[in-house]
Amino acid sequence: MRAHASVLHLDLDAFFAAVEQRDKPSLRGKPVVVGGVGGRGVVATASYEARTYGVHSAMSTREARSRCPHAAFLSGRFHAYRDTSKVVMALLRAASPLVEPLSLDEAFVDLEHSGLPDLEIETVTAFAADLRAQVREATGGLTASVGLGTSKFIAKVASDLDKPDGLTVVPPGTELTLLRPMRVSVIPGVGPATAERLRRAGIHTVEDLEAVSLDELVRLLGKAHGGGLYHLARAEDDRPVVPEREAKSVSVEGTYDTDLTDRRLMEGLLTRQAGEVAGRLRKHGLSGRTVTIKVRLHDFTTLSRSSTLPSPTDRTSTIARVARGLLTDLDTSGGVRLLGVGVSGLADWIQEDLFGEDQEDEEVPVEVEVPTSRQRRTWAPGMDVVHAGMGRGWVWGSGRGVVTVRFETAESPAGPVRSFAEDDPELSPWVPQEPAEDPPP
DNA sequence: TCTGGGGTCCTAGGACCC
DNA sequence: TCTGGGGTCCTAGGACCC
């Protein structure tokens with residue numbers, strides 16, 4: 001916790017809806033709901049006019065429609081939101097070099113490095129007021145709510161106190177006076193499940209939480225969560241403002257208006273999603289080792305299956321095949337409402353770079369060598385192979401002198417798995433004859 | 001026909017290695 | 001034949017955030 005209120009949190013008010021109202025004057029002053037407009041959509045952002053009718057984010061669009069039938073329901077223009085967000089983030093970075101975006105519409109700014117003459121209340125307040133004016137000016141009228149405090153936690157709580165279009169400063173030393181009467185759910189990380197656990201233990205407010213020992217909290221919520229809450233309840237928060245964080249995973253998922261039952265269709269959708277994930281990996285110069293699929297069944301139970309490859313990949317064909325293979329383990333006979341594919345375990349180097357050329361996502365033709373018992377060969381996951389006895393397959397995994405191959409058949413795209421010694425003379429790379437499945441960028 | 005999409009972090013158990 | 005502990009990696013699930 002700092003001696004000065006030098007952490008600023010900025011939150012653009014009803015961001016998506018506000019961008020729509022800015023760009024379409026006919027929507028100004030009217031209820032606007034941005035989110036999924038399909039049968040299973042939810043609200044991403046509701047304008048303040050729509051909130052009057054009890055519409056809020058995360059509510060199903062169906063419910064929102066019944067509460068406010070005359071609202072404009074929009075599916076969202078993410079390019080516009082991204083562009084506007086960039087304008088705001090650039091403006092924040094011009095004000096202070098240390099800016100940590102949390103999402104398109106939210107960021108922390110560290111005023112310690114902003115070049116202000118001092119960090120007294122008057123100074124930082126004037127700075128924040130000026131920043132808000134700049135945001136409004138640069139975005140064509142969007143408003144932001146801003147909080148200032150001695151830590152991220154306090155700044156974030158502060159920005160919520162006067163919404164929309166507000167500015168709240170929590171003077172150093174007054175944090176606990178502010179927090180104590182508040183519900184535990186003001187603490188970031190206390191969602192419905194944690195709040196319910198605490199409630200059952202008779203803990204409702206931050207003041208209640210402050211009275212609980214560290215041991216008791218850890219017993220109740222686990223080591224990391226309990227320990228974190230113990231300190232936050234005392235307004236102890238040393239988390240630094242971190243400008244850039246590396247991505248840890250890339251994923252794509254989709255919820256379908258009617259439950260899927262056709263496995264071939266599911267495989268096709270997974271393949272398409274794998275292509276989107278691979279494309280985004282390549283766009284950012286990333287590759288990853290762990291492929292995960294997510295499957296939400298008709299009854300909303302959510303399953304995940306993952307498989308870690310021996311080396312990172314950014315290729316559609318590999319990700320798609322692993323994903324389809326993972327699906328084979330699952331019983332989807334009751335119907336599937338959501339499918340997703342993700343890649344994690346990211347490395348910022350690309351495997352194909354080893355070959356010295358920008359291979360993008362093309363199949364890499366493999367030199368067919370005559371295997372000898374002493375020769376060590378590299379079997380990359382996803383590589384097409386042919387086995388004299390089993391026919392064509394692809395490398396599922398390898399290591400410790402063993403290569404595992406999955407053989408696709410007409411009946412099953414992720415058919416039988418067999419393991420071979422990696423120098424098995426019956427096993428050899430297969431040179432593809434079909435064109436690469438991804439278009440060049 | 002309740003319940004999105006893109007993320008992060010944590011936990012717990014098992015495998016495996018030293 | 002019995003018995004260790006620690007560390008790391010992997011997998012599955014869950015909570016949470018915007």
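Lettering of chains follows the sequences in order, A, B, ..., and the numbering in each one begins at 1.
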Original post:
Whole-Å distance between B:dG5 C1' and A:K294 NZ?
Top reply: 8 Å
**OP:** Determine, for nucleotides 6-14 of chain C in 5'-to-3' order, which nucleotides have protein heavy atoms under 4.0 Å from the base (write B), from only the sugar-phosphate (write S), or from neither (write -).
**Re:** ----SSSS-
**OP:** Ignoring backbone atoms, test whether A:K156 places a side-chain nitrogen or oxygen under 4.0 Å from the OP1 or OP2 oxygen of C:dC18.
**Re:** yes
Original post:
Does the separation of the ring centres of A:H70 and A:Y53 fall below 6.0 angstrom?
Top reply: yes
Subject >> Side chain proximity check, A:V7 to A:V109, heavy atoms < 4.5 angstrom >> reply: no
Original post:
Considering only heavy atoms from C-beta outward, does the side chain of A:L142 approach that of A:R136 to under 4.5 Å?
Top reply: no
**OP:** Answer with yes or no whether the side chains of A:T290 and A:T308 bring together a donor and an acceptor at under 3.5 Å.
**Re:** yes
**OP:** By nearest nucleotide on DNA chain B, pick out whichever of A:K248 and A:R337 is the more 5' one.
**Re:** A:R337
Subject >> For the student: nearest non-hydrogen atoms of A:A5 and A:V170, plus distance >> reply: CB-O, 3.9 Å
Subject >> Atom-pair distance (CD on A:Q273; C1' on B:dG4), nearest Å >> reply: 13 Å
Original post:
For A:F15 and B:dG5, what is the distance between atoms CZ and P respectively, to the nearest whole Å?
Top reply: 20 Å
Original post:
Would you call the rings of A:F16 and A:F78 parallel, tilted or perpendicular, where under 30° means parallel and over 60° means perpendicular?
Top reply: perpendicular
**OP:** Pick the C1' atom in C:dA15 and in B:dT3, then give their distance to the nearest Å.
**Re:** 16 Å
Subject >> Exam field: side chain A:S307 to backbone A:V291, donor-acceptor pair closer than 3.5 Å >> reply: no
**OP:** Write out all pairs satisfying side chain to side chain donor-acceptor pair (under 3.5 Å) with one or both partners inside residues 179-188 of chain A, taking only residues at least two apart or from two chains.
**Re:** A:R180-A:E210
**OP:** Please report, rounded to the nearest Å, how far the P atom of C:dC18 is from the CZ atom of A:F16.
**Re:** 13 Å
Subject >> Check: A:L8 and A:V146 side chains under 4.5 Å, non-hydrogen atoms >> reply: yes
**OP:** Please examine the side chains of A:F153 and A:E175, heavy atoms only from C-beta on, and report whether any two atoms are closer than 4.5 Å.
**Re:** no
Original post:
Which is true for A:V190 with a 4.0 Å heavy-atom rule: it touches a base, it touches only sugar-phosphate, or it touches nothing?
Top reply: sugar-phosphate
Original post:
Does the side chain of A:V33 reach to within under 4.5 Å of the side chain of A:T61, using non-hydrogen atoms?
Top reply: no
**OP:** Check each residue of residues 193-206 of chain A for a non-hydrogen atom within less than 4.0 Å of any atom in DNA chain C, then write out the ones that pass by number, or none.
**Re:** A:A193, A:T194
Original post:
Rounded to the Å, how far apart are A:R296 CZ and B:dT3 C1'?
Top reply: 8 Å
**OP:** Figure out the CZ/C1' separation between A:F153 and C:dC16, and round it to whole Å.
**Re:** 15 Å
Subject >> 4.5 Å side-chain heavy-atom contact, A:L229 and A:T194 >> reply: yes
**OP:** Would you jot down, in residue-number order, the residues of residues 210-224 of chain A having a non-hydrogen atom under 4.0 Å from DNA chain B?
**Re:** A:K223, A:A224
**OP:** Can you run through DNA chain C from 5' to 3' and write each base as (, ), [, ], | or . depending on how it pairs? Watson-Crick or G-U wobble, both distances under 3.5 Å.
**Re:** ....||||||||||||||
**OP:** Give one of base, sugar-phosphate or nothing for A:G254, where a contact means two heavy atoms less than 4.0 Å apart.
**Re:** sugar-phosphate
**OP:** Return yes if some donor-acceptor pair links the side-chain N/O of A:R305 with the main-chain N/O of A:I293 below 3.5 Å, else return no.
**Re:** no
Original post:
Roughly how far apart are A:T332 OG1 and A:R263 CZ, rounded to 0.5 Å?
Top reply: 3.5 Å
Original post:
In whole angstrom, what separates A:H298's NE2 from B:dC2's P?
Top reply: 11 Å
**OP:** Could you tell me whether a side-chain N or O of A:T139 sits under 3.5 Å from a main-chain N or O of A:V135, the two making a donor and an acceptor?
**Re:** yes
Subject >> Separation of atom OH in A:Y256 from atom C1' in B:dG4, rounded to whole Å >> reply: 12 Å
Original post:
What distance separates A:R2 CZ from A:T150 OG1, expressed to the nearest 0.5 Å?
Top reply: 9.0 Å
**OP:** For nucleotides C:dG4 and B:dC16, find the distance between their C1' atoms and express it as a whole number of Å.
**Re:** 16 Å
Subject >> Selection: residues 97-111 of chain A, any non-hydrogen atom under 4.0 Å of DNA chain C >> reply: A:S103, A:D105, A:E106
**OP:** Could you tell me whether A:R40 contacts a base, only the sugar-phosphate backbone, or nothing, with contacts defined as non-hydrogen atoms closer than 4.0 Å?
**Re:** sugar-phosphate
Original post:
Once you round to the nearest 0.5 Å, how far does CG of A:L209 lie from NE2 of A:H204?
Top reply: 12.0 Å
**OP:** Quick one: label A:G36 by what it contacts on the DNA or RNA (base, sugar-phosphate, nothing), any heavy atom closer than 4.0 Å.
**Re:** nothing
Original post:
Considering heavy-atom distances to DNA chain B, does A:V250 or A:A58 have its closest nucleotide positioned more toward the 5' end?
Top reply: A:A58
